[in-house]
S.K.: 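Following this message is one structure expressed as structure tokens.
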Amino acid sequence: MGLLEKNFNPKEVEDKWYNYWEKNNLFTAKTDSNKPPFSIVIPPPNVTGSLHMGHALNVTIQDILTRWKIMSGFNVLWVPGTDHAGIATQNVVEKELSKQGLDRHKIGRQAFIEKVWEWKAEYGGRIIHQLKKLGCACDWSRERFTLDEGLSRAVREVFVRLFEEGLLYRDNRLINWCPRCHTALSDLEVEYEEIEGKLYFIKYPLTSNTGKNEENLINIATTRPETMLGDTAVAVHPEDPRYSHLIGKTVELPLTNRKIKIISESSVDPSFGTGALKVTPAHDFNDEIIGRLHKIPFISVITEDGRMSGDAGDRYKGLDRYECRKKIIANLKEEGLLAGEQRHLHAVGHCYRCKTIIEPILSVQWYVKIESLALEAVRLVREGNIRLIPNAWDNNYYSWMKDIKDWCISRQIWWGHQIPVWYCPDCSGNGGGLQGNVIEHIFYEPLRVNNNTISGGTYSHLRKAGLKHEDIIKNSKIIRIPKEVKPLSQRQDIEECPNCKSKDIIRDPDVLDTWFSSALWPFSTLGWPENTKELKTFYPTSVLVTGFDILFFWVARMIMMGSKFMQREPFKDVYIHALVRDLDGHKMSKSKGNVIDPLVMIERYGTDAFRFSLAAFAAQGRDVRFSEKKVEGYRHFINKIWNASKFILNYREFRSDKSSINEYAEQLDLPSMWILNRLAMTAQGINKELSEYRFNDAASKIYHFIWHEFCDWYIEIVKPVLYKGDDEAKKVIVNCLFFILDNILRMLHPFMPFITEEIWNSIYADKTSIMTSAYPSEFPFYTDAEELMSFFIDAVSGIRHIRGELNINPSLEIIAGIKTLSQKAEIVLRENISAIMKLTKCREINIGEDIARSEDSAVTIKNNMEIYVPLGGLLDIKSEMARLIKDKRKTESELSFVSKKLSNEDFLKNAPTDIIEKEREKFNILAEKSQKTSESIKILKTIKG
RNA sequence: AGGCGCGUAGCUCAGUGGGAGAGCGCUUCCUUGACGCGGAAGAGGCCAGGGGUUCAAUCCCCCUCGCGCCUACCA
């Protein structure tokens with residue numbers, strides 16, 4: 001390593017050092033260390049994804065913590081990994097297939113899953129590569145994937161145990177269904193969005209009378225007319241005077257020949273719509289509740305494809321739900337049963353992955369009984385085992401956990417952990433098989449068998465038609481197993497029914513919600529269910545760093561699963577950082593086109609500048625509005641560090657071998673003691689801020705120390721010694737400079753890993769990484785230096801102030817005087833007189849109690865010091881004033897002439913535009929000049945006074 | 001509707017029960033031997049508005065206005 005290059009070139013050093021750290025195992029945690037453990041598990045990014053700003057902020061924070069703790073003497077493990085992201089990944093691959101005119105059903109489950117794995121092999125490394133670009137000190141030897149073998153074992157173990165404990169069940173109830181993704185979604189996976197729809201008013205004729213006049217109709221409002229085909233009641237409020245007398249009577253459901261009852265239901269809001277509610281228990285969550293309460297029939301009229309079912313009637317069967325809506329409206333109009341329509345704003349649920357409008361449909365799904373788990377999860381936070389930071393999230397957390405519903409965990413997709421449950425169609429024994437003729441309800445929709453398209457039917461129907469068991473299973477598009485069929489949950493795959501030994505068993509085709517495996521992440525990545533050393537050493541993890549958007553999706557569920565299966569909280573702290581938004585405060589999204597790519601920032605400004613910006617942005621409790629300007633600013637900071645280091649390294653020959661200043665302690669001058677005290681304060685401050693997750697404060701402290709204290713003051717002060725001092729004096733200063741620089745690099749390393757390593761290696765030839773050095777924490781304070789140095793600094797600023805205000809040419813050496821009554825101040829000033837003179841370009845400074853000052857001196861008072869600069873010879877105030885006043889008069893008269901011209905309408909109308917433009921410019925220039933001369937006169941006046 | 005947060009310099013934002021801050025931008029000056037991605041000196045703010053608590057409020061409490069987010073509902 002030699003002296004530093006002229007400019008810092010991030011691209012040249014970043015990969016070099018990252019490879020070096022990796023090769024030397026500096027990120028690798030030990031399981032046999034006697035250092036205290038510190039561990040973080042990364043929120044696993046989607047394996048098919050690429051790095052966005054949110055990730056960048058998220059992992060930068062984790063990396064700062066990781067490197068800080070490594071250097072602070074901890075045995076640190078940061079577990080990296082990726083998430084299989086069920087629906088999202090499946091959608092990506094399905095899109096690829098559709099480009100080739102294929103879909104997953106055409107190629108079959110096995111082939112499709114192989115395709116996804118191929119996709120993963122090709123693109124799954126991208127996000128990992130990007131994490132490395134950011135400098136993440138992850139332990140790559142422990143990288144995990146939510147679908148890898150070990151994690152799959154953990155998932156299965158958890159599922160089977162929950163099953164055995166009765167915390168899992170299947171139920172046929174209304175769920176959020178995405179007709180495009182063709183799967184159930186949990187409540188959290190539905191996004192509500194305000195949409196302008198229509199409210200239709202439909203007339204339902206009463207059947208008790210024969211005529212169809214107005215009194216014999218009930219007007220009903222709906223936004224989804226197509227669901228009326230599944231209506232099984234009309235509900236009214238029991239005390240609604242308009243309708244209460246009709247309770248118990250029946251109406252004829254238009255467009256069908258069904259008759260339905262009018263029921264009394266207090267949850268109906270008489271003030272909405274017409275006050276009468278059509279009840280569609282199979283397609284609306286509220287209606288489902290009413291339906292169960294009143295034990296009215298459930299009629300499913302919309303299928304999983306989003307089309308109308310056979311129960312919708314022959315007229316509508318097979319129509320798309322929105323086609324059907326149009327047709328229904330048309331038909332109602334024809335029959336004179338449409339009373340009207342109006343525009344209506346309402347929130348409609350959309351699939352969070354593909355934005356398709358979800359459809360509530362009846363379906364058999366797996367659920368986790370959540371109540372007992374949630375209670376425990378609340379307790380862990382309430383009793384302080386887990387801290388949410390900032391704790392403003394506590395209330396959100398509690399209220400969500402209080403109203404939490406059972407978690408629907410089955411998804412009708414193929415990419416994910418297939419549910420480890422089998423059903424036996426042949427078995428009539430106890431404990432696992434079918435009872436009676438339930439088998440008739442297992443419904444299949446085979447697509448093709450031996451290249452013949454076969455229509456669907458029940459299992460036994462197809463068997464009778466001569467199909468083989470495995471062909472049915474392999475080729476079916478939809479397999480629905482009624483909830484009456486007993487499931488058999490197994491730790492190992494089975495080939496035959498344990499009860500009747502039949503080989504014709506069916507595995508549950510569904511896979512688990514992707515968040516199910518994520519929920520186990522803190523312990524599954526450490527080797528659970530094996531009792532590994534990693535688990536023993538690193539569980540519970542120290543801190544989880546995450547955005548609030550997945551607080552409930554993920555964090556809450558990790559807490560539940562961690563406490564259930566590890567009997568302990570999965571992490572002690574949860575640091576919840578902000579969302580990265582664009583400059584206008586909008587969420588960054590591809591569709592809005594306001595996305596800033598972290599890799600572009602890295603390309604333009606270097607990783608260190610980008611990381612430091614993120615840290616500086618990360619104030620608690622507020623969203624980040626990302627601005628490129630700020631990154632640019634911190635690139636300047638990097639340049640500053642680089643140049644200061646370069647400067648100091650020029651004097652390396654005067655550095656003693658030890659990087660300690662102890663041997664010079666006796667010879668330190670005031671500025672050196674002062675800067676050492678500031679270093680001590682900064683180091684102490686940064687450790688405190690980091691331990692409280694105040695990254696922005698830590699960043700600004702170190703920024704201020706390096707730039708405005710070390711560079712602006714200390715280096716400037718010691719320059720004369722370096723240029724002209726004797727070797728002995730140089731030695732003291734140079735060792736102090738190196739000592740500070742050494743500590744600056746170490747303090748800065750967690751924020752800026754690359755540049756610090758580069759400079760570090762230019763200082764020290766022994767090729768040890770800065771990562772193996774200790775993080776600065778405790779230093780001796782030179783508290784007295786603060787007060788003494790303030791005289792120095794204020795004297796310099798005072799003289800500079802006068803020079804600046806009076807515009808005294810910087811090349812001009814002046815005389816100044818400082819009058820002070822403080823003996824301390826006087827001593828400080830006298831001892832540092834040459835440095836002060838150098839910094840203020842004075843050829844003489846008189847110090848003392850009784851300094852005479854001439855009449856024309858400019859004066860300023862700071863820190864009980866009267867600082868003055870005699871102006872004799874520098875400025876002739878009288879003639880200067882006269883000149884300025886003359887100047888002012890002239891300017892003002894010109895100005896008034898021009899402004900008259902510019903307010904003359906004839907001139908404005910008739911003159912060529914370029915002439916007018918010129919006059920305007922002239923006006924601006926004159927106005928500015930006038931302003932300036934006025935100000936100068938003002939300053940001169942104050943000096944005289 | 002309920003809850004949470006925000007409103008501080010032209011812009012983006014820190015911050016604190018007692019003196020109003022940073023970065024960028026702006027003005028003036030400076031080719032001083034680390035750095036013009038620099039240095040020095042400045043201008044600019046009833047800390048959203050109103051009320052209260054206090055010796056003292058930008059900060060604590062209440063209300064109003066404006067903005068954002070979350071949760072729930074919407075036939």
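In what follows, chains are A, B, ... by sequence order, proteins preceding strands, each numbered from 1. Side-chain atoms are counted along with the backbone in the values below, which use heavy atoms only and exclude waters and symmetry mates.
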S.K.: When the P atoms of A1(B) and C60(B) are compared, how many Å lie between them, rounded to an integer?
M.R.: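 One P to the other, the span is 26 Å.
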S.K.: Indicate, with a heavy-atom threshold strictly under 4.0 Å, whether R635(A) touches base, sugar-phosphate, or nothing.
M.R.: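 Result for R635(A) = base.
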S.K.: Starting at atom CH2 of W400(A), determine the distance to atom C1' of C4(B), rounded to an integer number of angstrom.
M.R.: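 So the two atoms are 18 Å apart, to the nearest Å.
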S.K.: Starting at CG of D712(A) and ending at P of G39(B), how long is that distance when rounded to a whole Å?
M.R.: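 It is 5 Å, rounded to the nearest whole Å.
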S.K.: Please give, in whole Å, the distance from U71(B) C1' to K405(A) NZ?
M.R.: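 These atoms are roughly 11 Å apart.
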S.K.: Using whole Å, report how far CD1 of I290(A) lies from C1' of C73(B).
M.R.: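 Roughly 13 Å, once rounded to whole Å.
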S.K.: Within the side chain of R292(A), is there an N or O that forms a donor-acceptor pair under 3.5 Å with the backbone of E288(A)?
M.R.: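 Side chain of R292(A) to backbone of E288(A), a donor-acceptor pair under 3.5 Å: no, none is there.
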S.K.: Between H636(A) and G38(B), is there a side-chain N or O to OP1/OP2 distance below 4.0 Å?
M.R.: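 For H636(A), the contact criterion (side-chain N or O under 4.0 Å from OP1 or OP2 of G38(B)) is met.
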S.K.: Tell me the interatomic distance from K640(A), atom NZ, to G23(B), atom C1', rounded to whole angstroms.
M.R.: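 These atoms are roughly 15 Å apart.
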S.K.: Using a 3.5 Å distance criterion without hydrogens, assess whether the side chain of D240(A) forms a donor-acceptor pair with backbone atoms of V236(A).
M.R.: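 No, the answer is negative, given that no donor and acceptor are paired below the 3.5 Å cut-off.
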S.K.: When we call it a touch if two heavy atoms are under 4.0 Å apart, what does L199(A) touch: a base, just sugar-phosphate, or nothing?
M.R.: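 L199(A): backbone/sugar contact only, no base atoms under 4.0 Å.
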S.K.: On the nucleotide U32(B), are OP1 or OP2 found under 4.0 Å from the side-chain N or O atoms that K719(A) carries?
M.R.: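 False: K719(A) side-chain N/O out of range (4.0 Å or more) of U32(B) OP1/OP2.
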S.K.: Using a cut-off of 4.0 Å on non-hydrogen atoms, how would the nucleic acid contact of T223(A) be classed: base, sugar-phosphate, or nothing?
M.R.: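 If one applies the 4.0 Å heavy-atom cut-off, T223(A) turns out to touch the sugar-phosphate alone, with no base involved.
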S.K.: A34(B) base to E716(A) side chain: any donor-acceptor pair below 3.5 Å?
M.R.: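 Result: at least one qualifying N/O pair found.
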S.K.: What distance, rounded to whole Å, do you find between the two P atoms, one in G5(B) and one in C61(B)?
M.R.: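 Looking at atom P only, G5(B) and C61(B) are 10 Å apart.
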S.K.: Using a cut-off of less than 4.0 Å, is there contact between a side-chain N or O of R694(A) and OP1 or OP2 of G15(B)?
M.R.: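 So the side chain of R694(A) is within the cut-off, an N or O lying under 4.0 Å from OP1 or OP2 of G15(B).
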S.K.: So, is Y723(A) close to the A34(B) phosphate, meaning a side-chain N or O under 4.0 Å from OP1 or OP2?
M.R.: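 Yes, because at least one side-chain N or O of Y723(A) sits under 4.0 Å from OP1 or OP2 of A34(B).
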S.K.: Base, sugar-phosphate alone, or nothing: which one does V279(A) contact when heavy atoms must sit under 4.0 Å apart?
M.R.: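 Result for V279(A) = nothing.
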S.K.: Find the distance L388(A):CG to G5(B):C1' and express it as a whole number of Å.
M.R.: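 Answer to the nearest Å: 16 Å.
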S.K.: Got a donor-acceptor contact below 3.5 angstrom from the D284(A) side chain to the D287(A) backbone?
M.R.: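 Side chain of D284(A) to backbone of D287(A): a pair is present.
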S.K.: Could you give the distance separating C73(B) and G18(B) at their C1' atoms, to the nearest angstrom?
M.R.: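 Each nucleotide's C1' atom is 49 Å from the other's.
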S.K.: Looking at the side chain of D697(A), which of G23(B), A14(B), A34(B) is the nearest nucleotide?
M.R.: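 Closest nucleotide among those given: A14(B).
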S.K.: Name the nucleic acid region contacted by H708(A), choosing base, sugar-phosphate or nothing; use a 4.0 angstrom heavy-atom cut-off, strictly under.
M.R.: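 Sugar-phosphate contact only.
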S.K.: Whether H704(A) contacts A14(B) is assessed here as follows: a side-chain N or O lying under 4.0 Å from the phosphate OP1 or OP2. Is that the case?
M.R.: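 For A14(B), OP1/OP2 do not have a side-chain N/O of H704(A) under 4.0 Å.
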S.K.: Sub-3.5 Å donor-acceptor pair from the side chain of H283(A) to the main-chain atoms of P281(A), do we have one?
M.R.: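 Checking the backbone N and O of P281(A) against the side chain of H283(A), no donor-acceptor pair under 3.5 Å is found.
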S.K.: What distance, rounded to whole Å, do you find between the two C1' atoms, one in A9(B) and one in G25(B)?
M.R.: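 The answer is 11 Å between these two C1' atoms.
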S.K.: Looking only at side-chain N and O atoms, does W707(A) come under 4.0 Å of OP1 or OP2 in G39(B)?
M.R.: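 For G39(B), OP1/OP2 do have a side-chain N/O of W707(A) under 4.0 Å.
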S.K.: Can you measure F637(A) atom CZ to C24(B) atom P for me and round it to whole angstrom units?
M.R.: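 About 12 Å, once rounded to whole Å.
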S.K.: Nearest whole Å is fine: how far is C24(B) P from F626(A) CZ?
M.R.: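 Rounding to the nearest Å, CZ of F626(A) and P of C24(B) are 16 Å apart.
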S.K.: Looking at C37(B), A41(B), G23(B), which one has an atom nearest to any side-chain atom of N639(A)?
M.R.: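 Per side-chain heavy atoms of N639(A), the pick is C37(B).
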S.K.: Please confirm whether R678(A) makes a cation-pi placement over W707(A), using NZ or CZ under 6.0 Å from the six-membered ring centre and within 45° of the ring normal.
M.R.: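 No, R678(A) and W707(A) do not form such a contact.
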S.K.: Within the distance-only criterion (no hydrogens, no angle test), does the side chain of R652(A) pair as donor or acceptor with the backbone N or O of V734(A) below 3.5 angstrom?
M.R.: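 A pair under 3.5 Å: no.
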